[in-house]
K.L.:
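What follows is a single structure, and I will ask about it in a moment.
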There are 2 protein chains.
Amino acid sequence: MPEMSSVFPHPDHDHGVCVSETLARAEEACGERGVRLTPLRRRVLEALAASHAPLGAYDIVEKLRKSKEPAPAMSVYRALDFLVTEGLAHRIESKNAFLACTHGHDTGDIVLFMLCDRCGTVAEVTSTALGRDLAQAAKSASFSPKAPVLEVSGLCGRCMERGVRRKVS
Amino acid sequence: MPEMSSVFPHPDHDHGVCVSETLARAEEACGERGVRLTPLRRRVLEALAASHAPLGAYDIVEKLRKSKEPAPAMSVYRALDFLVTEGLAHRIESKNAFLACTHGHDTGDIVLFMLCDRCGTVAEVTSTALGRDLAQAAKSASFSPKAPVLEVSGLCGRCMERGVRRKVS
DNA sequence: AGCAAATTGTTGCGCCGCACAATATATAGG
DNA sequence: CCTATATATTGTGCGGCGCAACAATTTGCT
């Protein structure tokens, strides 16, 4: 059982696979829980899944505006709320942006986001050690933790080697 | 050497001490670094130090508006930027709010914020274990970390015992 | 069809911060 | 010491983002 469950995606990989897999898992999860993945929510999740860099709400509004069925900002926000609540997407607090959850972890997992300042890509990793220390720190402070926000900005390996500035779709 | 360097402040302690000590350290730090702690910046820091709950920018604007020398929102934002840059205050990303740094840690320390959802108080703790695991996780992902954001919301011990909802000044 | 609940659309307001202008402060030369 | 120039700080106007409140619509169920 590896400590890390994921790393940075390669910039040239096939997004179609991520998108279809993410949507498939979302459909299934919603079905099980008896909540509805409406067309709008599906389209928002689709937009998120097509990017491994976090998208701002208005980035999505813009994407939808260019498509056949635009949606007002408020509706996009609500769809994002839904997706985050259902664990299908994450909110990146330090960027006020959102990210599709690409590898469905169980709720309760401790997730750490590494944000590359240059290419914008995000690695979503789970660390058991981090979770243990977090619990330990909370215990020492008599604190009962609920929603951990663990985000680190920096440079991904690829951007450190090459000086290239290539944004991921 | 304790693992944790600080916990939640008692709601009934003397804020005057926090404020004066924080300002004193700020004066000194600015003097050493050759940057200026202008009256406005000082007043903003003072407002932050008087509260152990994070303050939004407009909370501070409001405080200043009630005082003798109001300041426009933009100026407050700039003062906050300055304070954060100089390590005299922290930005709480998950709340879009700011907090005076009350116990000057060296730059480079890994800091974890525990935010009480009920009373709003924040505990600012440093964990060496957390820092080690964070570095380990980064290494595994070939990631070069820069600015860690570690925030956990939940309930502080005091709020868990009593059901009282008493906001800290 | 008819009703309750959920979802989406519309309006509006407050927060956030950029870009430019005005002012205050530091530095150099006479 | 005084002024001129560069630098740093603060003020103002404005546009974009985030979201609350209410209205309109759709969906699920009987």
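Note that these values count all heavy atoms, side chains included, but never hydrogens, waters or copies made by symmetry. Numbered from 1 within each chain, the chains take letters A, B, ... in sequence-line order.
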K.L.:
Taking only the side-chain nitrogens and oxygens of Ser75(B), find out if one of them lies under 4.0 Å from OP1 or OP2 of dG11(D).
P.N.:
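Answer yes for this pair, as a side-chain N or O of Ser75(B) is under 4.0 Å from OP1 or OP2.
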
K.L.:
For the pair made of CD1 in Ile92(B) and P in dC16(C), what is the distance, rounded to whole Å?
P.N.:
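Atom-to-atom, Ile92(B) to dC16(C), this comes out as 14 Å.
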
K.L.:
Quick check on DNA chain D: between Met74(B) and Arg36(B), whose nearest nucleotide comes earlier from the 5' end?
P.N.:
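By nearest-heavy-atom nucleotide position, the 5'-most residue is Arg36(B).
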
K.L.:
Between the base of dG9(C) and the side chain of Arg78(A), is there a donor and acceptor pair under 3.5 angstrom?
P.N.:
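Such a pair exists between side chain and base.
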
K.L.:
dC19(D) C1' sits how many Å from Arg91(A) CZ, rounded?
P.N.:
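Distance, rounded to whole Å: 10 Å.
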
K.L.:
Using only side-chain N and O atoms of Arg41(A), determine if any of them is under 4.0 Å from OP1 or OP2 of dT7(C).
P.N.:
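Looking at the OP1 and OP2 atoms of dT7(C), one of them is under 4.0 Å from a side-chain N or O of Arg41(A).
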
K.L.:
Measure the shortest side-chain to side-chain distance between Val111(B) and Val125(B) over non-hydrogen atoms and say whether it is less than 4.5 angstrom.
P.N.:
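Contact flag for Val111(B)/Val125(B) side chains = no.
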
K.L.:
Leu55(A) has an atom CG; how far is it from atom P of dG18(D), in whole Å?
P.N.:
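Taking CG of Leu55(A) and P of dG18(D), I get 12 Å after rounding.
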
K.L.:
CD of Glu86(A) versus C1' of dA6(C): gap in Å, rounded?
P.N.:
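Nearest whole value for this atom pair: 13 Å.
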
K.L.:
Starting at CZ of Phe82(B) and ending at P of dT10(D), how long is that distance when rounded to a whole Å?
P.N.:
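These atoms are roughly 9 Å apart.
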
K.L.:
Which heavy atom in His90(A) sits nearest to a heavy atom in Val84(A), and how many Å separate them?
P.N.:
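Heavy-atom minimum between the residues: C-CG2, 4.3 Å.
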
K.L.:
Verify whether one side chain among Glu151(B) and Ser94(B) offers a donor that lies under 3.5 Å from an acceptor in the other.
P.N.:
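Yes - a donor-acceptor pair under 3.5 Å links their side chains.
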
K.L.:
Does dC16(C) have its OP1 or OP2 closer than 4.0 Å to a side-chain nitrogen or oxygen of Tyr77(B)?
P.N.:
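Affirmative; the distance criterion is met.
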
K.L.:
Please report the distance, rounded to the nearest Å, between CG in Leu40(A) and P in dT10(C).
P.N.:
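After rounding, the reported distance stands at 13 Å.
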
K.L.:
Could you tell me which non-hydrogen atom of Glu69(B) sits nearest to which non-hydrogen atom of Arg43(B), and how far apart they are?
P.N.:
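Closest heavy-atom pair between Glu69(B) and Arg43(B): O-NH2, 3.1 Å.
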
K.L.:
For Asp81(A) and dA20(D), give me the distance from atom CG to atom C1', rounded to whole Å.
P.N.:
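For the pair Asp81(A) CG and dA20(D) C1', the rounded distance is 12 Å.
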
K.L.:
Grab the CD1-P distance between Ile60(A) and dC19(D) for me, whole Å please.
P.N.:
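One finds 13 Å between P of dC19(D) and CD1 of Ile60(A), rounded.
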
K.L.:
If you only use heavy atoms from C-beta on, which nucleotide in dT12(D), dG18(D), dT7(C) is closest to the side chain of Asn96(A)?
P.N.:
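Comparing dT12(D), dG18(D), dT7(C) against the side chain of Asn96(A), the answer is dG18(D).
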
K.L.:
Need one value for Ala57(B): base, sugar-phosphate or nothing, where a base atom within 4.0 Å counts as base even if backbone is also close, heavy atoms only.
P.N.:
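Sugar-phosphate, backbone atoms only, no base.
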
K.L.:
Under 4.0 Å between a Lys/Arg side-chain N and an Asp/Glu carboxylate O for Glu27(A) and Arg25(A)?
P.N.:
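Here Glu27(A) does not pair with Arg25(A) in a salt bridge, since their nearest N and O are not under 4.0 Å apart.
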
